[in-house]
Protein chains: 2
Amino acid sequence: MLLTIAPLAGIVSILTATYLFYYVNKQGTGTKKMREIADAIKEGSRAFLKRQYQTLTLFTLAMAVILAFLLGINIALTFIIGSLCSALAGFIGMEIAVRANVRTAYAAEKGINKAFPIAFYAGAVMGLLVVGFALLGISILYFIYADPNIILGFSFGASMIALFAKAGGGIYTKTADIGADLVGKVEMNFPEDDPRNPAVIADNVGDNVGDVAGTGADLFDSYVGSIVATMILGSETIGPLGVTLPLIIAGVGIIASILGTAAVRVGEGGNAGAALNRGTFLTTIIFAIITYGIVTFMELSMNIYYSIIVGLIAGVGIGLTSDYFTSIDRGPVKKTAEASKTGTAITILTGFSYGIMSVVPPVIGISIAILISWYVEGVYGVALAALGMLSITGMIVSSDSYGPIVDNAAGIAEQSGMEAKIIEVTNELDAAGNTAKAITKGFAIGAAALTVLALFTAYSKIVNITALDLMNPLVLVGMFIGSIMPPLFSALMILSVGKNAFRMIEEIRRQFREIPGLIEGKAKPDYAKCVDIATKGALKELVLPSILTITTPLLVGFILGSKALGGFLAGSIITGVIFALFMSNSGGTWDNAKKYIEAGHFGGKGSEAHKAAIVGDTVGDPFKDTAGPSINTMITVMSLTASVFAPIIIKYALL
Amino acid sequence: MLLTIAPLAGIVSILTATYLFYYVNKQGTGTKKMREIADAIKEGSRAFLKRQYQTLTLFTLAMAVILAFLLGINIALTFIIGSLCSALAGFIGMEIAVRANVRTAYAAEKGINKAFPIAFYAGAVMGLLVVGFALLGISILYFIYADPNIILGFSFGASMIALFAKAGGGIYTKTADIGADLVGKVEMNFPEDDPRNPAVIADNVGDNVGDVAGTGADLFDSYVGSIVATMILGSETIGPLGVTLPLIIAGVGIIASILGTAAVRVGEGGNAGAALNRGTFLTTIIFAIITYGIVTFMELSMNIYYSIIVGLIAGVGIGLTSDYFTSIDRGPVKKTAEASKTGTAITILTGFSYGIMSVVPPVIGISIAILISWYVEGVYGVALAALGMLSITGMIVSSDSYGPIVDNAAGIAEQSGMEAKIIEVTNELDAAGNTAKAITKGFAIGAAALTVLALFTAYSKIVNITALDLMNPLVLVGMFIGSIMPPLFSALMILSVGKNAFRMIEEIRRQFREIPGLIEGKAKPDYAKCVDIATKGALKELVLPSILTITTPLLVGFILGSKALGGFLAGSIITGVIFALFMSNSGGTWDNAKKYIEAGHFGGKGSEAHKAAIVGDTVGDPFKDTAGPSINTMITVMSLTASVFAPIIIKYALL
């Protein structure tokens, strides 16, 4: 009976999202000028998604054929359904984001309390669709197949989409951002979002494709992964109840997220950032309380409850640590800003070091969560901790997607030449987005880490390994190879951004040179050309890292065997967590160090310190928005590839 | 009978070094001006070493008391002897380096073929003393105790000295270098090594304390570690022969190194870099041949030979990879230089990415070496591979120590206002040092990696762990915590350099501001003040990272137990290798990208690209000369701490 909570929560979530979609969509769209800009962003975003989905369709079908051939038609089917659900959530989420931006900017005229709900509810559309589609999809598939190993295909499909969406979107957004900044802001001394900058639309498009669609797909992926891993481990350790419990818990999480979302409100002159974080904390508390009720009602062991809660606490804790290391009024950012006085090199070195130091508390947090959950409930406990952490995904994605929407709104307000007072409101909304982002990004990485750990354990159950001995050379070598994968992936992503930004910079410089009157603002730049460069480049550069991500675990598995593959996964989790957190947080620290100087410290705007801080911020851009957060997805895809192909790896491995 | 090869080789090595010491020392010391500069460098270097050794004496005695109390007097004694041997090699090696620099500069007047041998033989003093003291020390202790577990104390002592020498020296050298560069070269537009620059002597001192004494201690540490680990594993797996064999092999390595050293010659107008690398290759071949003879003569299994050779090949291979990624005429450096056209941020991102990519081939090389050696000869095979790699340490340290000596020589030539033709000769010698350095640095890291692996295996034998299961939460958590240690250590080191450079920069600026006539070259700067700042700062900043390195493995061991400590070591090896190689190679890439531009590409000196490349180089400085190469020592110290304290950890661990 309680099991119906899962599909019901999924349906309620989708219905709520639909309602919010219409609520946002019926808001006013502002002046003709605003609509023009918004339309350009919308077209660019759609064009990218269309092209990306075309590539993905081919890829998904090819992979589905391979899966059908090697592992049976059912896995292939669930794989396709997983891809579709994730893509659909991404598509609708981005559709509402590109509508909400202009509506938020227009509503900003009437004050922050009018503009905020538009942006936040649009974000909530994405948040609720992600968890809704995911849980409904899993519930239906479980109803049909009653076998979590087949639902693994669903997770694999979602993960594949996430890899492309997050990595492709990440390359896109930073190509455009760096190009726009380096030529527009540094060389030409234009302000941010200046309409004369040819890359400005591409930059706004990037926020949508990278941060809305990309992050949504990323958390879809972790969310599904944690549920499926828990189901598999549950069936192996405590039988049928172990399989259905994760669905029930996830359902509770959705209900908590909807209630939490409803509570996010900003009064006149209110603090938007505080409202978002309040939503997150409220969701956490509601979830903890209902789950307690359920566990008591079902007469389950309290150990199950402790496992879930310890994961939840670790997730929030990791988010808060990221916040500390990247917050504008804390030591790390201030010291990085101060280092800018000594010049660029020390700025880079300082931000880099704090980024690395920021990994220490989360690693300790994850370690404690592992130890406690494992001791009270074994491997199933670790999976439950991951599930507990991800239970509030709906709320997390809602406040995360809010960020790029208000960022876009600020851009539209600037480009359409709105009054200073209104621009101030949009900037205030934007700042709140950045505060929320620090927490949600740390959360996403922590969640991915625990999910991948759960998947890693699930893998070992699937291949029936009872021990992964580090004294076994194959395990050790697998671990060495696995550990180099996340850093290698980051390096490839960063080089891609560099290469693509190079093309973008050449194009922007060409337009300034060749379009007469552009610099004076008398002629319009060729926005579409920049959008095109970012799109083509992102999709092209995506190929190598994606192929590496999928083929390396297969190569390791088929050549060195299933134990080496287990070591491989362990190695990739370790360095994956380190690089993901270090890169995201370094980037955030540099970003806010720049903002701290812009707020008037150490010489303020235009000073030498400011110039150094701008370089730091630019180095941090692909760290925090391309490489860092893509690693989550990358390690999830590798774990799922291992688990999905496990049955044939055992059969055909060379060693 | 064959066993006498070890002490004999040690004695021959020390005698050869003594002979070379007197050969170098009797060369002419040039003009009064040259001697003045050289004396300032000598005094600064001695002052640093004196202060460092004072600190170390206290620390060593305190640790010896703890060891005597907890583990018996013998371990404490061997610990002290190990510290002394390493410190003595470092002291004498540096003494000859600070004499050879001015003599090399003076001989440069008579051509490269006269100057080269002075610098190289001075380097060889360090190289031969390192292996001589190490092997003689171990041989004598083995003769007395006949128990490799007690000789572990010798290794621990050497390792402790190495940690202080490498980390302290690394902070010192980059404090001075960055300070001198940022104020002298960037702000004042002075050339390198300009005598008006107050930090110029400190910069030259830094080369000696960081690169000569530091690197010597580092390789002393790895060398001893690999021999002792092989002895321990030998006694556990194949009995007495397994214990004596490593001593014989190491003796052969010393003979090969002496012969290789003798073959390093440069004719008139010859290529010094090629001569150094020829020496390395020759040593490798001689070693391989003699070892073959010994293995055949002793009628040992050829598997033993294969294990040794596979390590040797991997070591050279890793060196060559580092060379590829940091060589001025290869893709990575050229592309990084090209990226400088787009500005500083992309330069940083590109060098960073290539640095990470450079880790891939060594990791594959190490993996292959592990697999082959393990399959033919089990854990003992892996230890033999490490030993094989380190057998040519004498030659490696010789060509590595050559680098800072000729760097100093070039500085002295510049500061004493020698003719352009002579300066050109010293610069040519210097360039050869940089070529050799790329290979030796990669080699040192690869060697440390295999040594630590051998130590890790030795640890598991000591605590009698038969399996380190990754499915055990304690092992997994240990691994998580261990993996964060090397990055954390790097971050602390880099922050230390940043902080210390900050003080140095303030002081240099003060001198330019307050000493009248300094800028015009009419007054002398206060060199001693800068030397003092670098010295005090380095020793102060060293404390936290050193304490962390020693206490964390103990905390993990005593709280989470010996299995968690095993996981901890495995985790630290994995990220240790990645961070050490990535940081060293990124730094090398940036360094040479700058030089590539200075050679006239992409606008040459003074261009915007050049400015960007200088920032890249400065970021790379602490990467490649402080943090990166200190990680070797750090992971060795952690492994040895674990092994030495293992007996009481087993008894008193909490979990």
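In what follows, every chain begins at residue 1, and chains take the letters A, B, ... in the order their sequences are listed. Hydrogens, waters and symmetry mates play no part in the numbers below; they use all other heavy atoms, side chains included.
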Revision key, fill the gap. Here the pair of heavy atoms bringing Met357(A) nearest to Ala491(B) is CG-CB, 3.9 Å
Review point. Is chain B contacted by the side chain of Thr466(A), its backbone, both, or neither, given a heavy-atom distance below 4.5 Å?
Key: backbone
Revision key, fill the gap. In short, Arg509(B) meets Lys341(A) closest at the heavy-atom pair NH2-O, 4.5 Å
Study note, to complete from the structure: Under 4.5 Å to a heavy atom of chain B? For Ser460(A) that would be side chain
Check your understanding: Looking at Ser353(B) and Ile494(A), what are the two nearest heavy atoms and their distance?
Key -> OG-CG2, 3.3 Å
Point to revise | Heavy-atom contact with chain B under 4.5 Å, split by part of Leu488(A) | key: both
Exercise for review: List the steps and the verdict of side-chain contact (heavy atoms from CB on, under 4.5 Å) for Leu476(B) and Trp374(A).
Suggested key: CA-CA 11 Å; Leu476(B) 193 64; Trp374(A) 207 313; 4.0 Å; yes
Check your understanding: Just how far is it from atom CD1 of Ile346(B) to atom NZ of Lys499(A), taken to the nearest 0.5 Å?
Key -> 12.5 Å
Exercise for review: Please round to the nearest 0.5 Å and tell me the distance separating atom CD1 of Ile178(B) and atom OG1 of Thr342(A).
Suggested key: 10.0 Å
Practice item. Answer with side chain, backbone, both or neither: which region of Ile614(B) has an atom nearer than 4.5 Å to a non-hydrogen atom of chain A? Key: neither
**Study point:** Portion of Ile484(B) that has a non-hydrogen atom of chain A nearer than 4.5 angstrom
**Key:** both
Practice item. Taking the side chain as every heavy atom from C-beta outward, state whether Phe489(A) and Ile356(B) have any pair of such atoms under 4.5 Å apart. Key: no
Point to revise | Options Pro473(A), Ala345(A), Ala627(A), ranked by heavy-atom pairs under 4.5 Å with chain B, top entry | key: Pro473(A)
**Study point:** Verdict with supporting geometry, Leu560(B) and Leu371(A), side-chain contact (heavy atoms from CB on, under 4.5 Å)
**Key:** CA-CA 10 Å; Leu560(B) 301 176; Leu371(A) 283 180; 4.0 Å; yes
**Study point:** Structural part of Val183(B) lying under 4.5 Å from a heavy atom of chain A
**Key:** neither
Check your understanding: With only heavy atoms counted, which part of Leu349(B) is less than 4.5 Å from chain A, the side chain, the backbone, both or neither?
Key -> both
Check your understanding: If you look at every heavy atom in Val475(A) and Leu470(B), which pair is closest and at what distance?
Key -> CG1-CD1, 4.1 Å
Review point. For Phe480(B) and Val363(A), which heavy atoms make the closest approach, and how far apart are they?
Key: O-CG1, 3.6 Å
Review point. How are the rings of Phe582(A) and Phe352(B) set relative to one another: parallel (under 30°), tilted (30 to 60°) or perpendicular (over 60°)?
Key: tilted
Exercise for review: Look at the side chain of Asp469(A) and the backbone N and O of Asp469(B), then say whether any donor-acceptor pair between them is shorter than 3.5 Å.
Suggested key: no
Exercise for review: Name the region of Leu453(B), side chain, backbone, both or neither, that has any atom closer than 4.5 Å to a heavy atom of chain A.
Suggested key: side chain
Study note, to complete from the structure: Distance col, row Ile370(A):CD1 vs Leu474(B):CG, nearest 0.5 angstrom, shows 10.5 Å
Check your understanding: Contact part of Phe579(A) toward chain B, heavy-atom cut-off under 4.5 Å: side chain, backbone, both or neither?
Key -> side chain
**Study point:** Side chain proximity check, Val615(B) to Val615(A), heavy atoms < 4.5 angstrom
**Key:** no
**Study point:** Region of Ala339(B) that comes under 4.5 Å of a non-hydrogen atom in chain A
**Key:** neither
Check your understanding: At a heavy-atom separation under 4.5 Å, does Leu495(A) approach chain B through its side chain, its backbone, both, or neither?
Key -> both
**Study point:** Close side-chain approach of Val359(B) and Pro487(A), heavy atoms under 4.5 Å
**Key:** no
Review point. Checking heavy atoms, do the side chain of Ile368(A), its backbone, both or neither come under 4.5 Å from chain B?
Key: neither
**Study point:** Which portion of Leu182(A) sits near chain B, non-hydrogen atoms under 4.5 angstrom
**Key:** side chain
Point to revise | Ile364(A) versus chain B, the contacting section by heavy-atom distance below 4.5 Å | key: neither
Review point. Quick one: what part of Ser483(B) sits under 4.5 Å from any heavy atom of chain A, side chain, backbone, both or neither?
Key: both
Study note, to complete from the structure: d(Thr618(B) OG1, Ile348(A) CD1) to nearest 0.5 Å is 11.0 Å
Study note, to complete from the structure: Applying a strict 4.5 Å limit to non-hydrogen atoms, the region of Met485(A) in contact with chain B is neither
